[in-house]
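A short worksheet on the structure shown next.
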Amino acid sequence: MDSPLPLHVCHVNNLSVIINRLHALLHCIAIGFLIYYRASYLLQETRAIPIILWLLVFASELLLSFIWLLGRAYLWRPVSRTVFPERLPEDDKLPAIDVFICTADPEKEPAIGVMNTVLSAMALDYPVDKLHVYLSDDGGSPITLHGMREACRFAKWWLPFCRRYGIKTICPQAYFSEADSDDYFGDSEFMVEKKKIKEKYEMFEEHVTKAVEDGDYGNSQNHSTIIEIIQDTSGESETIRQADLVEMPLLIYVSREKRPDHLHHFKAGALNVLLRVSGVISNSPYILGLDCDMYCNDPTSARQAMCFHLDPKISSSLAFVQFPQKFHNINKYDIYDGRFRSAYCVQWQGMDGLKGPVLSGTGYYIKRESLYADFTHTVNDISELKDTFGKSNVLINSLHQSYKQNNANGENFSNVLQEETGVLASCSYEHQTKWGFILHCKGWTSTYLTPFRPQFLGTSTTNLNDLLIQGTRWGSGLTDVGLSRFCPLLYGPSRMSLLQSMCYGELSFFPLLYCLPLWCLATLPQLCLLNGISLYPEVSSPSFIVFSFIFISAICKHLQEVISTGGSIYTWRNEQRIWMIKSVTAHFYGSMDTILKLLGLRKASFLPTNKVLDKEQVKRYEIGQFDFQTSSMFLVPMVSLMILNMAALLFGFIRIIAVGNWDKLFAQVLLSLYILIINFAIVEGMIVRKDKGRISTSAILLSSVFSVILLFFGSIILM
């Protein structure tokens with residue numbers, strides 16, 4: 001008997017494997033020579049350079065080498081995948097899916113955008129009776145609840161239109177903003193129908209916008225539980241053609257209880273509540289997780305994910321399928337590295353060649369069972385289950401796959417079930433439980449799929465302020481993991497492969513292990529240059545070849561990765577610049593935030609990224625111009641380092657011309673020149689630009705004072 005055709009295939013990029021491993025070998029040898037050079041100096045009896053400076057620079061180079069070494073795990077075995085959704089079983093054999101969408105602040109996350117994400121999820125090409133869409137509103141806002149009701153009303157028109165004409169862009173806002181928007185149908189019936197649906201959408205937008213303008217935002221930090229199964233009771237659906245009266249996906253609004261004196265764990269806490277509440281309502285075996293601004297761009301994403309989840313060869317151990325985050329508002333310049341090319345084109349494909357990528361927070365289809373149980377051990381003891389999942393018997397019963405709640409609709413949403421979900425969404429439910437998950441360490445695997453058409457599209461940051469606020473939040477969260485008891489380099493190796501532990505280690509430590517070395521290498525060599533002290537070998541020394549090789553090797557490897565993934569030299573420059581800017585600002589502050597929390601000097605906080613667009617900022621972004629309207633907290637470090645490097649370059653050249661010791665100081669002059677060339681946009685914002693997005697005079701003056709203080713104390717230490 002012939003074996004069934006595969007639902008997916010995996011492709012190993014053998015050429016990339018050879019290039020990556022050969023480069024890693026050569027680079028490691030060079031790092032070994034660098035360590036020998038630095039360490040041998042410490043054994044000398046007489047030293048021309050203060051030992052503390054040498055140790056700081058040496059420590060910086062060691063940290064950079066260590067984080068680079070961890071990152072080689074991504075490049076060990078990169079793979080790509082192809083799926084064949086046409087080979088899936090019939091619709092009646094497909095498993096059910098719950099969609100989780102999270103929003104927290106209707107002011108920073110506009111309700112109309114959130115509702116478009118909800119509508120796009122409802123329009124997925126999947127059996128309608130097996131699709132359930134949950135919206136978590138952590139702000140507890142009446143605006144969001146009203147928006148859900150309006151979205152449900154409009155969905156009665158939008159969903160039949162998408163199905164009848166096979167619409168691919170299933171987010172109505174994106175569909176009606178496209179120039180062509182499937183007008184290839186060409187027939188008059190389609191055009192008439194499209195016009196009618198557009199009018200309905202404009203009415204929907206108007207109703208949601210009016211509710212926003214009325215301004216009843218509610219109290220985001222102090223409110224009771226609200227759980228409502230949304231239904232359209234307006235009677236408007238009676239005017240829809242009889243042929244279009246099809247069943248709608250279940251739509252559920254969830255606002256968990258929040259009190260000022262209870263920890264709520266931000267988005268993670270909201271997802272935990274959705275997991276519990278959905279478990280006693282629909283209890284679908286698979287879950288799609290989405291950010292509120294990450295709409296479904298391809299109706300087939302669920303079927304593509306099922307090509308992995310329904311594969312009998314890998315299904316038993318597969319936890320989730322991850323799609324890349326892509327954004328609809330990225331322009332050709334991408335000055336803020338909004339594509340996250342390194343993560344989604346290199347790192348995630350590399351992890352997929354091991355045991356799978358990390359969960360990226362949005363755009364994933366995850367197996368519910370993986371969030372409930374250890375793959376290698378199933379708990380059956382009822383008391384142990386209650387210690388882990390809480391006291392709800394209904395939730396405990398839902399852990400069994402055979403459990404099915406039969407009254408999960410608006411008409412039959414019983415008082416008992418309403419009361420039970422209210423308890424599960426209370427702010428105190430998790431107290432005295434072991435609620436929490438670690439997937440790959442429990443033996444689960446994951447896969448990564450990057451189809452040609454983006455499955456999900458979100459809104460990227462288009463100004464420096466939002467970029468650095470987001471980077472600070474992410475840096476703090478990643479460092480939290482690295483410095484916790486779940487440190488990947490300590491907790492991981494005994495539970496998963498060494499290479500996988502290295503990947504997790506690089507992710508959790510890169511904010512901390514980049515920010516400290518970059519601060520040192522952006523200040524110490526420059527201060528030494530100003531005082532005529534050489535920290536690097538003379539150009540005529542064989543050791544200079546080692547440093548030159550490491551510098552050029554790192555740059556060329558990065559450039560090779562950029563070009564091979566469809567980027568350009570401008571992409572490479574932008575990524576180098578954003579890496580430097582984030583390291584000395586966002587990642588530094590994020591790492592310090594984590595350390596202060598560990599010391600009990602600061603409480604955990606969360607600030608959502610602003611999704612409201614500023615027209616002037618968008619205009620500057622479109623022409624590839626940085627917008628420096630951000631906090632002095634971010635500007636002063638950047639500008640101070642530019643001033644220091646400009647001074648070092650200028651006086652370094654003067655010293656070389658006057659004294660003639662270019663052989664000793666060439667490396668430090670080159671370092672300052674490289675930093676200034678890569679970050680010329682900052683210099684331009686300081687000196688050349690006169691528009692509103694320039695660096696403010698006050699920030700420049702404050703940075704100048706900071707630079708003078710740095711130079712003064714640096715000179716005293718070096719004397």
Side-chain angles (χ1 to χ4, degrees), residues 108-110 113 117 171 173-174 177 290-295 297 322-349 357-358 360-363 450 452-475 477-478 507 510-511 514 558 561-563 565-583 585-587 590 607-630 634 638 678-679 681-682 685 693:
K108 293 193 174 182
E109 298 167 337
T117 300
C171 171
Q173 188 176 52
S177 65
L290 293 174
D291 282 344
C292 65
D293 66 324
M294 187 68 64
Y295 65 81
N297 187 59
Q322 179 68 58
F323 290 93
Q325 291 189 46
K326 295 192 176 182
F327 306 94
H328 63 82
N329 62 332
I330 300 291
N331 69 359
K332 63 180 181 180
Y333 301 107
D334 192 19
I335 55 176
Y336 300 119
D337 188 25
R339 287 189 177 90
F340 298 107
R341 182 209 59 83
S342 179
Y344 294 119
C345 295
V346 178
Q347 295 176 338
W348 267 229
Q349 287 190 340
V358 299
S360 301
T362 185
T450 56
F452 177 77
R453 179 180 175 90
Q455 301 299 288
F456 307 98
L457 285 175
T459 304
S460 178
T461 53
T462 55
N463 64 79
L464 189 63
N465 184 62
D466 289 344
L467 175 77
L468 297 181
I469 289 175
Q470 182 187 69
T472 302
R473 188 176 72 238
W474 289 357
L478 291 169
L507 270 177
F510 84 83
Y514 275 138
H558 181 203
E561 290 176 5
V562 169
I563 299 297
T565 53
S568 65
I569 193 168
Y570 299 104
T571 307
W572 169 83
R573 180 200 61 186
N574 287 338
E575 290 186 5
Q576 287 277 309
R577 177 171 55 207
I578 291 300
W579 169 61
M580 293 181 187
I581 289 174
K582 280 186 173 180
S583 292
T585 56
H587 293 161
L607 185 62
T609 305
N610 189 11
K611 306 300 191 305
V612 180
L613 300 179
D614 181 280
K615 291 183 179 179
E616 288 189 17
Q617 290 179 337
V618 171
K619 185 177 179 180
R620 279 188 284 273
Y621 174 75
E622 290 298 329
I623 62 174
Q625 192 175 71
F626 265 72
D627 190 318
F628 291 104
Q629 296 181 91
T630 185
F634 294 128
M638 290 189 292
I678 293 296
N679 294 284
I682 301 176

Whether [X] side chain and [Y] backbone form a donor-acceptor pair below 3.5 Å:
X: D291; Y: M294; result: no
X: Q325; Y: T362; result: no
X: R453; Y: N297; result: yes
X: N329; Y: S460; result: yes
X: Y621; Y: N331; result: yes
X: Q470; Y: T461; result: no

Check N574, I578, T571 against D337 for a side-chain contact (heavy atoms from CB on, under 4.5 Å) and give me the one that passes.
->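 With D337 as partner, side-chain contact (heavy atoms from CB on, under 4.5 Å) holds for just one option, I578.
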Heavy atoms only: give me the nearest [X]-[Y] pair and the separation to one decimal.
X: F626; Y: I335; value: CZ-O, 3.7 Å
X: Q629; Y: G693; value: CG-CA, 4.2 Å
X: Q349; Y: Y344; value: CG-O, 4.4 Å
X: G471; Y: A586; value: C-CB, 3.7 Å
X: A174; Y: Y295; value: CB-OH, 3.5 Å
X: G475; Y: H587; value: CA-CD2, 4.4 Å

Verdict with supporting geometry, H558 and V562, side-chain contact (heavy atoms from CB on, under 4.5 Å) | CA-CA 6 Å; H558 181 203; V562 169; 3.7 Å; yes
How long is the span from the [atom1] atom in [X] to the [atom2] atom in [Y], to the nearest 0.5 Å?
X: M638; Y: I682; atom1: CE; atom2: CD1; result: 5.5 Å
X: H328; Y: T459; atom1: NE2; atom2: OG1; result: 3.0 Å
X: Y570; Y: E575; atom1: OH; atom2: CD; result: 15.5 Å
X: L457; Y: K326; atom1: CG; atom2: NZ; result: 8.5 Å
X: T462; Y: F327; atom1: OG1; atom2: CZ; result: 12.0 Å
X: Q347; Y: R341; atom1: CD; atom2: CZ; result: 9.0 Å

Distance-only polar pair, side chains of W348 and S360, donor-acceptor under 3.5 Å |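 A donor-acceptor contact under 3.5 Å links the two side chains.
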Report the C-alpha distance between L464 and F634 in whole Å, list the side-chain angles of each, state the deciding distance to 0.1 Å, and finish with yes or no for side-chain contact (heavy atoms from CB on, under 4.5 Å).
-> CA-CA 9 Å; L464 189 63; F634 294 128; over 6 Å; no
Between L467 and K582, is a side-chain contact (heavy atoms from CB on, under 4.5 Å) present by the stated rule, with each step listed?
-> CA-CA 9 Å; L467 175 77; K582 280 186 173 180; 3.7 Å; yes
Would you find more than 12 non-hydrogen atoms of other residues, nucleotides or ligands less than 6.0 Å from I623 atom CD1?
->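 Yes, the 6.0 Å shell around CD1 holds more than 12 heavy atoms from other groups.
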Give the C-alpha distance, both sets of side-chain angles, the deciding distance and a yes or no for side-chain contact (heavy atoms from CB on, under 4.5 Å) between Y336 and I330.
-> CA-CA 9 Å; Y336 300 119; I330 300 291; over 6 Å; no
